[in-house]
Amino acid sequence: MTEGHISQHIVGFVHLLRSMGVRVGTGNLVDFAEALTYVTVTDREALHDAALCTLIAKADDLPIFESAFAFYFRRLSALDLQATNLPVIHIPQRPLRLPRRKPGANDDETGENPDDLEEQKVGATMVYSGSETLRTRDFGSYSHDEVQQARDMMRRMKWRPALRRTRRSRRDKRRGVIDLRSIMRSSMRSAGEPLHMSYRSPRYRRRPLVVLCDISGSMDRYSRMLLQFVHTLNDGMDHVESFVFGTRLTRVTRLLRSRDVDDAVALVSKQVLDWSGGTRIGNTIREFNVRWSRRVLSRGPVVLVISDGWDRGDPTLLSQEMARLQRSCHRLIWLNPLLGNPRYQPLTQGMVAAMPYIDQFIPVHNLVSIEQLGSMLATMPDVKRSPRRVSASPRGHLNNEHQVSHE
Amino acid sequence: MTFAHIEDLQDALAQRNYIADRSLTTALFLAMKLNKPLLLEGEAGVGKTEIAKTLASLLDTELIRLQCYEGLDASTAIYEWNYPRQLLHIRMAEATQQASAVDIFSREFLIQRPLLHAIDASRTKAPVLLIDELDRADEEFEAFLLELLSDWQITIPELGTIKAVHPPIVIVTSNRTREVHDALKRRCLFHWVDYPVLEKELKILTARVPGINAILGRQIVLFVQELRRLDLFKIPGVAETIDWANALAALQTTALTFESVDDTLGAILKYQDDLQQIRGDAVRAILARIGSA
């Protein structure tokens, strides 16, 4: 290979990586080129290793790199898209759209429990729905237009989760520890005589939020609204990690970054394969604990689990994993859309298993409940939760220890 | 000591009992040649910190270690002014009627912390600077590192810019409890340290626990490799393998039996849930599998 050839290949390979979604800066490219002066370019393995450490900066990009390298510096078979983590887009049989109610199509669904039917009836009589009634109406009974309206209202909400005291400090005029450096500097202006006191006080930051949203079949009526809700959270705050789950867990943080909620929701529905399937909450929470908790649960986050608790999995596993999840976050809040119904009792197997490990159990079925969640997050105390009493029977917790609030 | 070829470095590391594969050695070699920091990411206990220690002993140079933690700030990591001394100096100047208060912001009042120490101009040799577990520090701290890691210099507002004569060899490690910022990643070479494959782990174990019985060593590694395939909350790293081998050696074990594993399982599994899951039948199953292998 001549000099010209090599640089062509470098650029070509970097282009390939970029086209596969790996972010490679010009600086990396220059490093790679420089690295090649120290390794034997004709040695395929040396070339591979040099490219690897100069071009890649994320462990997630490794499989993409491997298949790109194999493809570009061909010796193996052609590019194997299946072997990479690239989003392989399956064309679904139905149009890519979340469960959404068309106007007037209110009564074609059979609810899981009789209460749902009654709620729908109530909803159907409110034909005059002004924005005030919209706020108190159950998401499940929204028509297509109302979804749009509610979305606009949701977008105007302000999200300001409670503050967490960090170990970093900032200058303060009145209180805190004495800032000797600043005092010394300012005293230089007055011949070494300190005339002003300066202090440093702890800095506060907003707590990060982690959302795990159930999108399985039983949540069908709520999924779209709730996903919009999660999008609003993502849009309004810096540190939100979001996941959706049915039978398996998918991280959707990046997908929901898209400004436009429809784009974001469309992206999510493309990537997530288990829409409207069954739920195995225990397995999901375990997957989260094992794969993600170390990466997203630092800095004392508040975790929101949004689910109706209809679980087809093992309740023992669910209890165990919920306990671990609770131990590793600041507060664990369970949002249940069914809790909006005053007659609802959290007696499903999944709910019973999870209950002892939930710090707060609140409804999320209409705009009012979402506003209440917002103010609850904003006023959450910055103190550790009191040590949990170990209870033999989870049922004992149901109505006395946990705040079960109805709007 | 400089290395002409990657293989030389690999051999030299092996002589110091650090078994590095080709791609890690290449990353290290290039970090030295290109004069760039090397960011090592990987699960806990795969030998990220150890590489810096080995490198320092290999190059016969000083190892400067900065352990990161939340709230780590410039005054603990970079430099601090010696305030008591400054105050005394001012009082002295007052007493002796010398109005020379300006020079209290000079070198003699400066306390070097690890990062400044690493680029001290009086050095005759580049040190190895280990910035350990960067992900434990908060995002703000990374900003302090940017100037140092790209230009090998630190600017002190009262004093000016201090630049390294011999830029340190920098190893940054992260356990990935959060994503390191792009600005920092861009300044580094990157290597993901994975769990070793069977043969490599066996080599590591023999290098680190020299007296180990060959049969026992193989069984230990096979057992740990089997464990890594299971659905555990915390998969044991190489550090755990080595600890476990030492524990078994201390108990004069010559071959893995159900009892010896059961007694020492705490050396490799550090979570109660994991222990509960493995203890008993799972141990028997793994032993049966590696017995037949």
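Computed over heavy atoms, backbone and side chain alike; hydrogens, waters and symmetry mates excluded. Here the structure is a predicted model, which is why all the values come from computation and not from measurement. Sequence lines set the chain letters: A, B, ... in the order given, protein chains first and strands last, and positions in each chain run from 1.
Between the side chains of B:E147 and B:T155, at least one donor N or O sits under 3.5 Å from an acceptor N or O. There is a side-chain donor-acceptor pair under 3.5 Å between A:S201 and A:D172.
Chosen from A:R291, A:H48, A:R205, A:R23, the residue pairing most often with chain B at heavy-atom distances under 4.5 Å is A:R205. For the options B:L38, B:L24, B:N175, B:L87, heavy-atom pairs under 4.5 Å to chain A are most numerous at B:L87. Of the listed residues (A:N28, A:L55, A:D49), the greatest number of heavy-atom pairs within a distance under 4.5 Å of chain B belongs to A:D49. If you tally non-hydrogen atom pairs under 4.5 Å between each of A:L52, A:T166, A:N289, A:T37 and chain B, the highest count goes to A:N289. Of the residues considered (A:E34, A:E45, A:M184), A:M184 shows the highest number of contacts with chain B, using heavy-atom pairs under 4.5 Å. Chosen from B:H191, B:R178, B:Q86, B:R176, the residue pairing most often with chain A at heavy-atom distances under 4.5 Å is B:R176.
Interface remark: A:D61 contributes no atoms to any contact with chain B (heavy atom separation under 4.5 Å). Using a 4.5 Å cut-off between heavy atoms, A:L62 touches chain B through its side chain atoms alone. Contacts between A:S293 and chain B at a heavy-atom distance below 4.5 Å involve the side chain alone, from C-beta outward. Neither the backbone nor the side chain of B:A74 comes within contact range of chain A, judged by heavy atoms closer than 4.5 Å.
Ionic pairing of A:R294 and B:E43 is not present here: no N-O contact between side-chain nitrogen and carboxylate oxygen is shorter than 4.0 angstrom. Under a 4.0 Å N-O distance rule, the pair B:E108/B:R85 qualifies as a salt bridge.
Counting only heavy atoms from C-beta outward, the side chains of B:W81 and B:I156 approach each other to under 4.5 Å.
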